[in-house]
Amino acid sequence: MQEVGHSYLDELNEIQRKAVVQTDGPIMVIAGPGSGKTRVLTYKIAHLINIGIAPWQILALTFTNKAAKEMKARIEKVVGPSARRVWAGTFHSLFARILRVEAHRIGYPNDFTIYDSDDSKSLINELIKSMDLDKKVYNAGAIRARISASKSNLITPKAYVQNEDMLNYDKMNRRPLTFKIYEKYVARCKRSGAMDFDDLLLQMFRLLYENPDGVKDKYQKQFSHVLVDEFQDTNFLQYEILKQFVNYEGSPHNVCIVGDDAQSIYSFRGATIENILQFETDYPNLSTFKLEQNYRSSQHIVDAANGVIGYNRRQIEKKIWTDKPGQDKIKIVKTISDNEEGRRVADMIIEQKHRHSLKNTDIAILYRTNAQSRVFEEFLRRQNILYRIYGGLSFYQRKEIKDLLAYLRLTLNPNDDEALKRIVNYPKRGIGATTVNKLLRISDDNQVSIWQSIPHVQLSKRATSLLAEFAAMIATFRKIMDEGKNAYDLAVTISKRAGLVSALKADNTMEGLGRLENLNALLDGMKDFVENDEVLDEENPLDKSLSAYLQSIALITDMDQDKEETDVVSLMSTHACKGLEFKSVFVVGMEENLFPSYMSLSSPDQIEEERRLFYVAITRAEEFLTITYSNSRYQHGQMRFNDPSRFLEELPPETVDSVVPLKQKQEFGQPKILGNFKPTGLKRLNKVKVDPQNFHPDDSSKIKAGMRVMHLKFGEGKVIDIDERFVATIAFDQVTVNPEKRIMLQYAKLQILE
DNA sequence: GGGGGCTATGGGGGG
DNA sequence: CATAGCCCCC
């Protein structure tokens, strides 16, 4: 071993170094938060290259594309540009890339479409309807989860109908025909030339397992070293694929998994900690390295994290420690409402920035559900603090974007039924539900795609000609594509000729303008794509085809975007924060029914997962950790009163500095009399100041500054000011905390008093 | 047969 | 509070 001269090894502690320089055989790295896991992975790959392994022989499976990209950049610093040839990416994106080359061997077109979860749900809903089932009982989301779980556990439709557990579970949930939907769903995807997210894994598995044309040997030979990051969040199927790559006669089993059972937070997606335990059984001669020194967080934060995670029963034994001193203790802040929570957090951010000279990028706000982001946005904007929201509705999920993408998808793969259904009548061209239903029926009878049914369907004269017109248009697009137009030019042509641009231009509202902007942004992105001359991906250099474009965006998530140049506060869900770190972290909404989520309360296992999620959230903090919870908040359009989260009590008292004293006086003038009464029992009445019988709101355009007005929830008040966006600032007499409310007149219900 | 407006219902995390 | 389905009208 030529360790001498590899200076990067000096940047590692003893255990990290051992994990890096051992290059042969199975390795398991258990890595606590902030323990230099990424450093180990990147240097390990760099080391492999240094000792003579070709970059393209290394398969590194990461959790996000961004993580892969960052890792590649760091490897490049050590070994140079050859790092770009490492196969680093997510399971989904790397397998999609392989399947683009190999899919024809297992009965899919290489230009297969990737169905996102909306496509899947739409298809499932169609099937539910065609089977005449009650769509309230047969909830598409639940069915999709069921299908996803089946695929993730390698349960085929055939196996499903023979699986007592699966069938009984469905019967219990009054959905005994789930197996039938699953069967139809699989057939439909197949004949549409489409793979859903789970298929990218499942079909990859099939490809290797069935091994047509000896394709498995090719990949086994190519990937001499396989590394998996965040192994605790892989599912059964992903592990089975991993074994397909690694296990064969005479294999050196050069597989390295890195993970932390305490940070497993994706079981809802089929991930299972069992994989870590199973790995030890499957590779008995493995070397295990435990990275227990935390370089990220101060003593108090590490102590708090250890304290919290100690409440979980089953874990791999380890003790995370730090030699960083503890400075500020954890602040817990109670607020009276979700609005107050937003205001306080914004205020505290300003204070921290001044006192500790933090930049915005040093700060993150983490919440359990994306819906909570709104109040924080509002108050950050009000305080002129720049921010960015990660996750939530991504750009590519917007309607106008999906519409154009559907045209592109259909042009590339006319059998893509979901794309066709989406745009056959958008913009409106007189092809309605009746026509589509006829098409669906005949497609089902003949087991072909909708596109293939078009010439055979019997319709009225009018419908026939309209449909023919549509088909001719798509055929024209295909012709243009085949003539070699690049993806950008094709998209520009399509957006004009299909009438997408004119449809959006006809909408003069703010939203309409925004949509048009988004459409143009997508086109700009495509232009970048075709004009890009920087080779980042050596395997398929500068493929500017439509197929390559669609694949490149199908698996992009909001998290993959490059960090902005601008100095922004980060807002994201606790799931999305995995792998990140910030000097100052605000974990907000720490309330029962929210964090832990009400969905998890009935099962101890799920509570433990929520606890791990809390563990992940608090261990993002380097120096300052602030936790907030609120007495009341709007949830699902209703005012709810939640108890403080049970996890707050699990924080060791000595790590917590100041529980900001409870304001005894409540905003609504009532003590909390709720006792065991659970939130659903609460009525909005608690909040109403005014008897609705005597409340007659006036036309809000009549509201002027200086007026006395009455508000249903806040009572009487005086209008102080109305700004140019028609937001009124009103001081309410009976509101003790934060009496000045900002009310959007557009939506306001106010009665003029004088 | 298709389009537009209204009512009812459901609402977690994400590749 | 947002979306989907339903009903009514063209």
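Every chain is numbered from 1, with letters handed out A, B, ... down the list of sequences.
- Take A:Asp199 and apply the salt bridge (charged side-chain N to carboxylate O under 4.0 Å, His left out) test, not counting sequence neighbours, and it matches A:Lys151.
- A close approach under 4.0 Å does not occur between any side-chain nitrogen or oxygen of A:Asn370 and OP1 or OP2 of B:dG12.
- Considering only side-chain N and O atoms, A:Ser600 lies nowhere under 4.0 angstrom from the phosphate OP1 or OP2 of B:dG12.
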Under-3.5 Å N/O pairs linking protein and nucleotides 4-10 of chain B:
from: B:dG4; atom 1: OP2; to: A:Lys428; atom 2: NZ; distance (Å): 2.9

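- Donor-acceptor pairing under 3.5 Å, judged by distance alone, is absent between the side chain of A:Asn425 and the base of B:dG2.
- Out of B:dG2, B:dG14, B:dG12, the shortest distance to the side chain of A:Arg368 is found at B:dG12.
- Scored by the salt bridge (charged side-chain N to carboxylate O under 4.0 Å, His left out) test, A:Arg368 finds A:Glu610 as partners (sequence neighbours excluded).
- Shown are A:Leu459, A:Leu466, A:Leu439; of these, the side chain to side chain contact (heavy atoms under 4.5 Å, CB included) with A:Ile431 is made only by A:Leu466.
- A:Arg144 meets the salt bridge (charged side-chain N to carboxylate O under 4.0 Å, His left out) test with no other residue; sequence neighbours excluded.
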Practice problem: Go along nucleotides 3-10 of chain C 5' to 3' and tag each nucleotide: B for a protein heavy atom under 4.0 Å from its base, S when only backbone or sugar atoms are that close, - otherwise. | Solution: -SS-----
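- Of the residues near DNA chain B, A:Glu610 and A:Thr434, the one whose nearest nucleotide (by heavy atom distance) lies more toward the 5' end is A:Thr434.
- A:Ala554 pairs by the side-chain contact (heavy atoms from CB on, under 4.5 Å) definition with A:Ile114, not counting sequence neighbours.
- Residues passing the side-chain contact (heavy atoms from CB on, under 4.5 Å) test with A:His456, sequence neighbours excluded: A:Ile442.
- Remark: the A:Arg429 side chain and the B:dG1 base include no donor-acceptor N/O pair separated by less than 3.5 Å.
- Applying the salt bridge (Lys or Arg N to Asp or Glu O under 4.0 Å) test to pairs two or more places apart or on separate chains, those with a residue in residues 422-439 of chain A are A:Asp403-A:Arg422.
- Partners of A:Asp338 by side chain to side chain donor-acceptor pair (under 3.5 Å), not counting sequence neighbours: none found.
- With centroids closer than 5.5 Å and planes inclined by less than 30 degrees as the test, A:Phe268 and the base of B:dG13 pass as a stacked pair.
- With B:dG13, B:dG3, B:dG15 as the choices, the nucleotide that has an atom nearest any side-chain atom of A:Phe197 turns out to be B:dG15.
- With B:dG13, B:dG12, B:dG1 as the candidates, the nucleotide lying closest to the side chain of A:Tyr598 is B:dG12.
- Stem regions annotated for DNA chain B: B:1-10 with C:1-10, counting only runs of 3 or more consecutive pairs of Watson-Crick or G-U type with both contacts under 3.5 Å.
- In this structure, A:Gly430 and A:Thr64 both approach DNA chain B, and ranking their closest nucleotides by distance from the 5' end singles out A:Gly430.
- Applying the side-chain contact (heavy atoms from CB on, under 4.5 Å) test to A:Phe205 and every residue at least two apart in sequence or in another chain returns A:Leu154, A:Tyr209, A:Leu237, A:Glu240, A:Ile241, A:Gln244.
- Closest contact between the side chain of A:His92 and the listed nucleotides B:dG12, B:dG14, B:dG15 involves B:dG15.
- Partners of A:Ala305 according to the side-chain contact (heavy atoms from CB on, under 4.5 Å) rule, which considers only residues two or more places apart in sequence or in another chain, are A:Tyr615, A:Ile618, A:Thr619.
- Side-chain polar atoms of A:Tyr185 and A:Ser120 form a donor-acceptor pair below 3.5 angstrom.
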